[in-house]
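Down below is the structure, laid out as structure tokens.
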Protein chains: 2
Amino acid sequence: MVNQNHPTKLAILQAAFRVFGEKGFKGTTTKEIALEANVAEGTLFRYFPSKLDILYGVVDTLITSIGVEPLQNFLGEINDLPTVEALQYIILNRMETIGAGKDLIRIILTEAQYDEHLREVYVEQVFKPIQQILSSFFEQKMANGECREMNPKLPANILLSSIFFTVISQHLLTIEAEDNIFEASELTNILLYGIQERLKP
Amino acid sequence: MVNQNHPTKLAILQAAFRVFGEKGFKGTTTKEIALEANVAEGTLFRYFPSKLDILYGVVDTLITSIGVEPLQNFLGEINDLPTVEALQYIILNRMETIGAGKDLIRIILTEAQYDEHLREVYVEQVFKPIQQILSSFFEQKMANGECREMNPKLPANILLSSIFFTVISQHLLTIEAEDNIFEASELTNILLYGIQERLKP
DNA sequence: TATAAGAGTGAGTGCTCACTTATTTTTATT
DNA sequence: AATAAAAATAAGTGAGCACTCACTCTTATA
């Protein structure tokens, strides 16, 4: 039995992450992973029973980095800021986090289509918690009158989708930045004005 | 030389579309396509030089169905409606179109990551034209004072991303409908209030 | 230094794949 | 009906794949 926290295992995971990100799961061979990790092909299978388990290992190791924890920590820090600024910070923070984890998100989104396990991991550990946190944020604004009554998941989803879209566009389709003009400030404005109690002219 | 509009060719394209949609490009074998199309495997290669060319054929044949034309036609029909209703119709129409073309979109988005040609086809023939049309819609609203001055691509992108997100969530990640509450009416409200000239309380 | 166990190796294995080719079947023309 | 051309077939073919296994090397302990 091999040591499960051996540096070799870590090297394999890191190498696999790079190669999967570049070529996709099906487009990557175990030989390539081994080469990138500077180990023999056979070594992979001392640490992981199959190629698929290497993918699961990569996702399990890194999923927390794009998940709920960074956002929750961050929200605690900006709790006392006015809504406008809080929203801007949330947008910037999410774009940063998602941008940093873009390769992992790409891998998960791509493979989740054909793999039940990955789909569940993503939905339960990333999508739903983040949606929940953002919903609470808007619920709070409703309670203190800064937002009119509505399903709080709606502004949460608009926020999420806008951020998501930017990242997907830039990094999955490599659309140039000029067409990706989700400036945090104007997106904040639209969202805030849009959810305000309606003012009569 | 074979007839390039032969029914067999069409059968192959339709079969390939179904199988690619279900299993992805790399997850599909030429044998499976042949089986689904009720032809021998060799027959595929009388009509297409390679498996990749079958994928290109599928995309080329169907791309117009999710592209700019349906939207342009549709916008002509609702030209005289008030902005609120026009927006609602646009949202519903796009969701319908994207929903109908979801399999193709999934295929393109997935494979575009690893294929320059598909990436270009999608960006140039789907993304940019639609963004352009929606931008014009908002530009028009700016001209007649229904929208404050801003980069018209911003509301266009919010609209696009929200619709996209819904479709991706539902059909790529199979997130349940309860978490996908982009009702056309409330999304319209938020967007419209959000882009209005700001009213002082 | 002798021994044993853990870690690492890489040629080998059987299988699957995209694609080919020799052959048969269908269609069109006279 | 005879012939030729076109279309379709299915048994190959060789390359490449995930994974195995018999073996070597390294390290630790006595």
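Worth saying up front: this structure is predicted, and the values here are computed from it rather than measured. So that the names make sense, note that chain A is the first sequence line, chain B the second, and so on, each numbered from 1.
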Please output the side-chain donor-acceptor pairs of residues 50-57 of chain B that fall under 3.5 Å, not counting sequence neighbours, one pair per line with the distance.
residue: B:Ser50; atom: OG; partner: B:Leu52; partner atom: N; Å: 3.3
residue: B:Ser50; atom: OG; partner: B:Asp53; partner atom: N; Å: 3.3
residue: B:Ser50; atom: OG; partner: B:Asp53; partner atom: OD2; Å: 2.8
residue: B:Lys51; atom: NZ; partner: B:Phe25; partner atom: O; Å: 2.9
residue: B:Lys51; atom: NZ; partner: B:Thr28; partner atom: O; Å: 2.8
residue: B:Tyr56; atom: OH; partner: B:Asp115; partner atom: OD1; Å: 3.1
residue: B:Tyr56; atom: OH; partner: B:Asp115; partner atom: OD2; Å: 2.8

Does OP1 or OP2 of D:dA8 have a side-chain N or O of B:Tyr47 closer than 4.0 Å?
yes
Using a strict cut-off of less than 4.0 Å between a Lys/Arg side-chain nitrogen and an Asp/Glu carboxylate oxygen, indicate whether B:Glu32 and B:Lys23 qualify as a salt bridge.
yes
Under 4.0 Å protein heavy-atom contacts per nucleotide of nucleotides 18-26 of chain C, with B for base, S for backbone only and - for none
BBB------
If we only count heavy atoms from C-beta on, is the B:Val39 to B:Leu44 side-chain gap below 4.5 Å?
yes
Do A:Lys9 and A:Phe48 form a cation-pi contact, if we require the NZ or CZ to be under 6.0 Å from the six-membered ring centre and within 45 degrees of the ring's axis?
yes
Which of these nucleotides, D:dT9, D:dA8, C:dG8, is closest to any side-chain atom of B:His6?
D:dA8
Without decimals, in angstroms, what is the distance between A:Arg46 CZ and D:dT24 P?
16 Å
Is the ring pair B:Phe164/B:Tyr122 parallel, tilted or perpendicular, if the boundaries are 30 and 60 degrees?
perpendicular
What integer distance in Å separates A:Lys23:NZ from D:dC17:C1'?
14 Å
May I have the distance from A:Ile33 (atom CD1) to D:dA18 (atom C1'), rounded to whole angstrom?
11 Å
Atom-to-atom span, CD of A:Glu32 to P of D:dG16 - whole angstrom:
12 Å
Using distance alone, with no hydrogens and no angle criterion, decide if A:Glu146 and A:Thr83 have a side-chain donor and acceptor under 3.5 Å apart.
yes
Rounded to the Å, how far apart are B:Ile54 CD1 and C:dC17 P?
15 Å
